[in-house]
Student: 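Below you will find the structure I want to go over with you.
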Amino acid sequence: MSDFRIVDKLQKLDVDIQRNQLNYHAKRVLVSKEFTFDAAHHLHNYEGKCKNLHGHTYRVILGLSGYTDERGLMIDFGDIKGIWKEKIEIHLDHRYLNETLPPMNTTAENIVVWIYEKLAAALLDEQRYNGARVEFIRLYETPTSYAEARREWMEVE
């Protein structure tokens with residue numbers, strides 16, 4: 001009736017699988033993690049509703065790539081969360097972005113590049129992730145509208 005079963009024997013390291021088998025490949029892989037934050041802002045030199053102070057629940061997706069380590073991990077999702085919380089979110093969540101970000105018009109297009117630069121700098125500081133680099137940042141200002149920064153655009157231009 002059901003295909004559910006409890007495993008007979010839990011696999012044990014160095015008994016059922018050897019340490020040199022943990023990393024299955026040597027290919028570049030991409031991992032991503034998603035966060036939300038709430039913030040207020042207003043736009044300068046803009047005629048429309050956004051010239052007034054207002055807020056958003058932003059959604060951001062961080063895409064990082066690199067090579068896996070001896071365990072088969074490129075970067076722990078908890079490490080991405082730590083970098084986000086300590087280096088980036090503290091400037092964004094429940095903040096007035098016009099005040100906490102560098103002088104800029106706080107458009108999604110400007111904010112997404114700022115996030116990209118902060119994350120790229122944090123990965124350089126860490127230097128413990130094998131070839132880790134930011135591939136993209138996608139910042140949703142509303143559920144249907146986003147701005148994106150991609151590595152190929154940031155490195156070339």
Side-chain angles (χ1 to χ4, degrees), residues 3-39 41 56-157:
D3 287 338
F4 175 79
R5 71 177 188 84
I6 297 175
V7 297
D8 297 323
K9 180 182 168 206
L10 191 62
Q11 192 179 64
K12 291 190 170 90
L13 184 61
D14 297 324
V15 175
D16 302 303
I17 186 169
Q18 302 306 307
R19 290 178 193 274
N20 66 351
Q21 294 176 299
L22 297 179
N23 192 6
Y24 177 75
H25 65 87
K27 310 247 188 276
R28 180 173 286 277
V29 294
L30 182 132
V31 297
S32 68
K33 188 139 178 74
E34 184 174 319
F35 301 96
T36 61
F37 63 94
D38 296 296
H41 77 131
H56 298 281
T57 296
Y58 291 89
R59 183 167 63 105
V60 63
I61 302 171
L62 313 177
L64 298 89
S65 77
Y67 298 97
T68 54
D69 63 16
E70 68 280 356
R71 303 168 299 167
L73 290 172
M74 192 282 282
I75 185 172
D76 189 282
F77 290 116
D79 291 350
I80 299 171
K81 181 179 180 180
I83 292 169
W84 168 257
K85 292 275 185 197
E86 295 167 22
K87 307 282 187 178
I88 303 168
E89 185 188 57
I90 58 171
H91 303 284
L92 303 172
D93 192 38
H94 285 83
R95 302 292 184 153
Y96 171 45
L97 300 178
N98 298 69
E99 183 178 79
T100 60
L101 293 178
M104 69 170 79
N105 210 9
T106 53
T107 62
E109 296 90 336
N110 281 337
I111 298 168
V112 76
V113 170
W114 179 85
I115 294 171
Y116 180 99
E117 291 170 346
K118 292 293 275 186
L119 183 56
L123 288 176
L124 279 176
D125 288 347
E126 291 287 330
Q127 290 189 340
R128 63 181 179 161
Y129 306 112
N130 190 10
R133 65 189 188 199
V134 181
E135 293 296 336
F136 72 89
I137 306 292
R138 182 175 288 177
L139 177 67
Y140 285 85
E141 190 173 87
T142 71
T144 60
S145 304
Y146 69 86
E148 186 167 288
R150 296 182 186 174
R151 180 183 55 80
E152 58 267 26
W153 302 336
M154 299 297 109
E155 290 181 359
V156 172
E157 299 175 21

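From a predicted model like this one, the values you see are computed outputs, not experimental measurements. Numbers here are sequence positions counted from 1.
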Student: Do Leu101 and Leu92 have side chains that get closer than 4.5 Å, going by heavy atoms?
Tutor: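 Yes - at least one pair of side-chain heavy atoms lies under 4.5 Å apart.
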Student: Please name the pair of heavy atoms, one in Met74 and one in Gly66, separated by the smallest distance, quoted to 0.1 Å.
Tutor: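 In this case the closest contact between Met74 and Gly66 is CG-C, 3.4 Å.
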Student: Looking at Thr68 and Asn130, what are the two nearest heavy atoms and their distance?
Tutor: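 Thr68 and Asn130 have their closest heavy atoms at O-ND2, 3.9 Å.
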Student: Any side-chain heavy atom of Arg19 within less than 4.5 Å of one from Glu70?
Tutor: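 Side-chain contact under 4.5 Å: no.
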Student: Assess whether atom CD of Gln11 is packed by more than 12 heavy atoms of other residues, nucleotides or ligands within 6.0 Å.
Tutor: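 Correct, the count exceeds 12.
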Student: Might you point out which heavy atoms bring Ile61 and Arg59 nearest each other, and give the distance in Å?
Tutor: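 Residues Ile61 and Arg59, closest heavy atoms: CD1-NH1, 3.9 Å.
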Student: Out of curiosity, Ile88 CD1 to Glu117 CD, how far, rounded to the nearest 0.5 Å?
Tutor: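 Output value for this atom pair is 11.0 Å.
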Student: For Gly78, is there any backbone N or O sitting under 3.5 Å from a side-chain donor or acceptor partner on Asp76?
Tutor: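 The answer is yes, because a donor-acceptor pair under 3.5 Å joins these two groups.
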Student: Contact between Ile111 and Thr107 at the side-chain level, heavy atoms closer than 4.5 Å - yes or no?
Tutor: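 Ile111 vs Thr107: side chains apart.
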Student: Can you confirm whether His41 sits close enough to His56 that some side-chain heavy atom of one is under 4.5 Å from a side-chain heavy atom of the other?
Tutor: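 Contact flag for His41/His56 side chains = yes.
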Student: Please report the shortest heavy-atom distance between Tyr67 and Ala26, naming the atom on each side.
Tutor: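 Heavy atoms of Tyr67 and Ala26 come nearest at CD2-O, 3.8 Å.
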Student: Taking side chain as C-beta onward, heavy atoms only, is Trp114 less than 4.5 Å from Met104?
Tutor: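 Yes, side chains in contact.
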Student: Do you know the tightest heavy-atom contact between Asn110 and Asn105?
Tutor: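 In this case the closest contact between Asn110 and Asn105 is ND2-O, 2.7 Å.
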Student: For residues 134-142, run the donor-acceptor check on the side chains, cut-off 3.5 Å, and write out each pair with its distance to 0.1 Å, sequence neighbours left out.
Tutor:
residue : atom : partner : partner atom : Å
Glu135  : OE1  : Arg151  : NE           : 3.0
Glu135  : OE2  : Ser65   : OG           : 2.5
Glu135  : OE2  : Arg133  : NE           : 2.6
Glu135  : OE2  : Arg133  : NH2          : 3.4
Glu135  : OE2  : Arg151  : NE           : 3.3
Arg138  : NE   : Glu148  : OE1          : 2.6
Arg138  : NH2  : Glu148  : OE1          : 2.8
Thr142  : OG1  : Thr144  : N            : 3.4
Thr142  : OG1  : Ser145  : N            : 3.2
Thr142  : OG1  : Ser145  : OG           : 3.2

Student: Can you name the nearest heavy-atom pair linking Ser32 to Gly63, along with the distance?
Tutor: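 The pair with the smallest heavy-atom distance is CB-CA, 4.1 Å.
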Student: Are Ile75 and Glu126 packed together at the side-chain level, in the sense that at least one heavy-atom pair is separated by less than 4.5 angstrom?
Tutor: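 No, too far: nothing below the 4.5 Å cut-off.
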Student: Can you tell if the side chain of Val60 reaches within under 4.5 Å of the side chain of Thr36, non-hydrogen atoms only?
Tutor: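 The answer is no, as the side chains (C-beta and beyond) never meet within the 4.5 Å cut-off.
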Student: For the backbone of Asp38 and the side chain of Asp93, can you confirm whether one donor and one acceptor N or O come within less than 3.5 Å of each other?
Tutor: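 Yes, because the side chain of Asp93 sits within donor-acceptor range (under 3.5 Å) of the backbone of Asp38.
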Student: Without swapping roles, check the side chain of Arg95 against the backbone of Ile90 for a donor-acceptor pair under 3.5 Å.
Tutor: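 Flag set: sc Arg95 to bb Ile90 pair under 3.5 Å.
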Student: Is it the case that the side chain of Arg28 and the backbone of Gly131 share a donor-acceptor pair, with hydrogens and angles ignored and the cut-off at 3.5 Å?
Tutor: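 Looks like yes, one N/O pair under 3.5 Å.
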Student: Does any non-hydrogen side-chain atom of Leu97 lie less than 4.5 Å from one of Thr100?
Tutor: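 SC-SC contact between Thr100 and Leu97 confirmed.
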Student: Scan Phe37, Phe35, Tyr146 and name whichever one has a ring-ring contact (aromatic ring centres under 6.0 Å, His included) with Tyr58.
Tutor: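 Going through Phe37, Phe35, Tyr146 one by one, the ring-ring contact (aromatic ring centres under 6.0 Å, His included) with Tyr58 is satisfied by Phe37 alone.
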